[in-house]
Amino acid sequence: MKKILSAFAVLAVLSACSDKVSPNKNETGTLSLTLSSTGDYITKAGQDDTAEFKISISRSDGWTSSYDRFADMPEILDLAEGDYTITASSPESKPAAFDLPIYGATQNFTIRVGELTPVSLVCTLQNMKVSFALSENFKKELSDYNISVTNAASWTAEDAGERTLTWDKAAADAGTPGYFSVAPLMVKVDGYRNIDNSEAHAMLSITDVAPRDHHVIYIDAQVTGSVNGINIKVDDTVNEKNSDIFIPGWDETPVDGGEDEGGDDPDEPSTAPTMSWDTNPTFAPTPIEDVMDVNISIKAPETIEGFIVTVDSYILSDVIAAMGGNTTYSWASDGPFDMDLINDEALVSALSSMLPTGDELSGKSEVVFSLSTIVPLIKAYNPESGSNHIFTLKVTDAKGQTLSKSITFVMP
């Protein structure tokens, strides 16, 4: 429902902070501004008021002026003739916050000498709203649960905390809304079954996003005979678009420490690929830390032709798939995600700053393949303590010889 929260008619004179700000009145026109907002904008004082909105005005020749509060704008505004842009925005702006809708509007206008130019700004929601609908079965079957949503605009662990909101059981039950700036969203559900406290997890990636979207996420639970004892179903509705995810019981990925024999003559030295990790020669399970040394030395005397990294992580698999533009993949329903780091152009482009990709691998006989940047990102999504996140590296050389090694990273 459209709600006009305030209307201000402003005829203002610019203050004399520069010689451009005080034009000769014989060479000016005037501006009248009406400011209103749609939706449910409420100030911290609980008032329906746009008085706290920030206002900025810029002219095509580079002149600018701004007001921290709309209520503090002068009542008379003379502007020199020219083309202008005016912007209004709500006072606070964060990438993720509870109960913080961000409103704004921008409009171009022209001032002509001796004329009044009316401008009406209707501020609309600029960020996205997220809320949850929990089925009765979900609330009955789970003794406790929490839901976290991360704005994935940045892929660095350092600022992920500012982009993540977590709903505990009470907040989710109460329907507390969260607001996120426009970027792909990662939704993670962690639950514990009432009857035996067994765990269940679900992940959902939302990549079709836009301002004013209201993502209503429906969460249901169904008791099954699976290892985890329960399946969580997440149904995301964004502008009438639905997505479902389920949790299967995945077997642990075995560690393949063997190497394919190379060559037909056993007396000839093998030319098959090899992998070594100086700081972890046995490729033992490794705790996930903020700073890690995961530099794998790969030698392929016949040169590398194929390089696939399979990511089996209920957190990172969906993130990486979304980065590569794969909007249909879900770890919960599709299983581990294969990254083709040579032939998948979208993934190569998205991951080139974090992993060796493309020409850095293809045709090379020696490569240091580093996971030191990408693995610490797992911590940013608050994974379950003790959860395993497995990367399997498979190298194929120009003679068709292959080598696979699996590395298990464990959340402490």
Side-chain angles (χ1 to χ4, degrees), residues 96 130 145-167 180 183-192 199-207 217 219 227-228 230-234 236 243-253 285-292 294 309-339 347 350-351 354-355 371-392 406-412:
V130 173
Y145 45 85
N146 64 72
I147 308 164
S148 64
V149 180
T150 298
N151 170 324
S154 172
W155 303 100
T156 62
E158 288 77 7
D159 64 356
E162 299 178 358
R163 301 176 178 275
T164 300
L165 297 180
T166 299
W167 284 256
F180 296 83
L185 298 175
M186 294 301 304
V187 183
K188 184 164 74 77
V189 183
D190 298 306
Y192 301 87
E199 300 179 9
H201 310 280
M203 289 282 294
L204 177 66
S205 173
I206 303 174
T207 57
I217 302 172
I219 307 178
V227 174
N228 287 332
I230 197 166
N231 275 345
I232 296 177
K233 171 188 176 183
V234 177
D236 166 65
S243 300
D244 296 321
I245 64 173
F246 297 89
I247 300 179
W250 295 104
D251 294 330
E252 183 177 350
T253 303
T286 301
I288 300 170
E289 306 291 349
D290 291 327
V291 179
M292 302 184 68
V294 189
V309 177
T310 300
V311 183
D312 187 0
S313 166
Y314 76 92
I315 285 179
L316 206 56
S317 294
D318 291 78
V319 173
I320 291 173
M323 290 178 69
N326 190 327
T327 59
T328 60
Y329 167 83
S330 168
W331 176 88
S333 58
D334 299 326
F337 181 72
D338 289 336
M339 298 191 297
L347 268 179
L351 298 173
M354 291 186 284
L355 297 171
L371 293 169
S372 303
T373 298
I374 199 168
V375 172
L377 294 181
I378 296 172
K379 289 189 67 177
Y381 294 94
N382 301 314
E384 185 72 21
S385 177
S387 59
N388 292 335
H389 307 267
I390 303 168
F391 288 70
T392 300
S406 292
I407 310 172
T408 300
F409 298 98
V410 183
M411 185 61 193

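As a basis for the values below, the full set of heavy atoms in this structure was taken, side chains included, without hydrogen atoms, waters or symmetry mates. Residues take their numbers from the sequence shown, with the count starting at 1.
Taken from OG1 in T150 to CD1 in I315, the straight-line distance is 9.0 Å, to the nearest 0.5 Å. Here the straight-line distance linking atom CD1 of I288 with atom CG of L377 works out to 10.5 Å at 0.5 Å rounding. Rounding to the nearest 0.5 angstrom, the gap separating the OG1 atom in T164 from the CG atom in L185 is 10.5 Å.
Side chains of L347 and I320 form a contact here, defined as non-hydrogen atoms less than 4.5 Å apart. Residues M323 and L351 are in side-chain contact: their nearest non-hydrogen atoms beyond the backbone lie under 4.5 Å apart. Side chains of L355 and T373 form no contact here, defined as non-hydrogen atoms less than 4.5 Å apart. Put simply, the side chain of V291 does not reach to within 4.5 Å of the side chain of P376, judged on heavy atoms. Annotation: side chain of H389 is not in contact with side chain of L316 (no heavy-atom distance under 4.5 Å). Counting only heavy atoms from C-beta outward, the side chains of F409 and V294 approach each other to under 4.5 Å.
For E384, the side chain to side chain contact (heavy atoms under 4.5 Å, CB included) partners are D190, Y192, E199, H201, Y314, S387, not counting sequence neighbours. Residues forming a ring-ring contact (aromatic ring centres under 6.0 Å, His included) with Y329 (at least two apart in sequence, or on another chain): F337.
Nearest heavy-atom pair across P383 and I378 is CD-O, 3.2 Å. The two residues A96 and E162 come nearest to each other via the heavy atoms CB-O, 3.6 Å. Here the closest non-hydrogen pair linking S317 and W331 is OG-CD1, 3.6 Å. Of all the heavy atoms in E289 and K379, the pair that sits closest is C-CD, 3.9 Å.
In terms of modelled atom types and a separation under 3.5 Å, the side chain of S385 and the main chain of P412 share a donor-acceptor contact.
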Applying side-chain contact (heavy atoms from CB on, under 4.5 Å), run through Y145 and I219 and close with a yes or a no. CA-CA 11 Å; Y145 45 85; I219 307 178; over 6 Å; no

Please evaluate residues S148 and T166 with respect to the criterion side-chain hydrogen bond (donor to acceptor under 3.5 Å, both in side chains), reporting the C-alpha separation (whole Å), side-chain torsions for both, the decisive distance (0.1 Å), and the verdict. CA-CA 4 Å; S148 64; T166 299; 4.8 Å; no

As a quick check of understanding, evaluate side-chain contact (heavy atoms from CB on, under 4.5 Å) for M186 and V319, giving each step before the final call. CA-CA 7 Å; M186 294 301 304; V319 173; 3.7 Å; yes

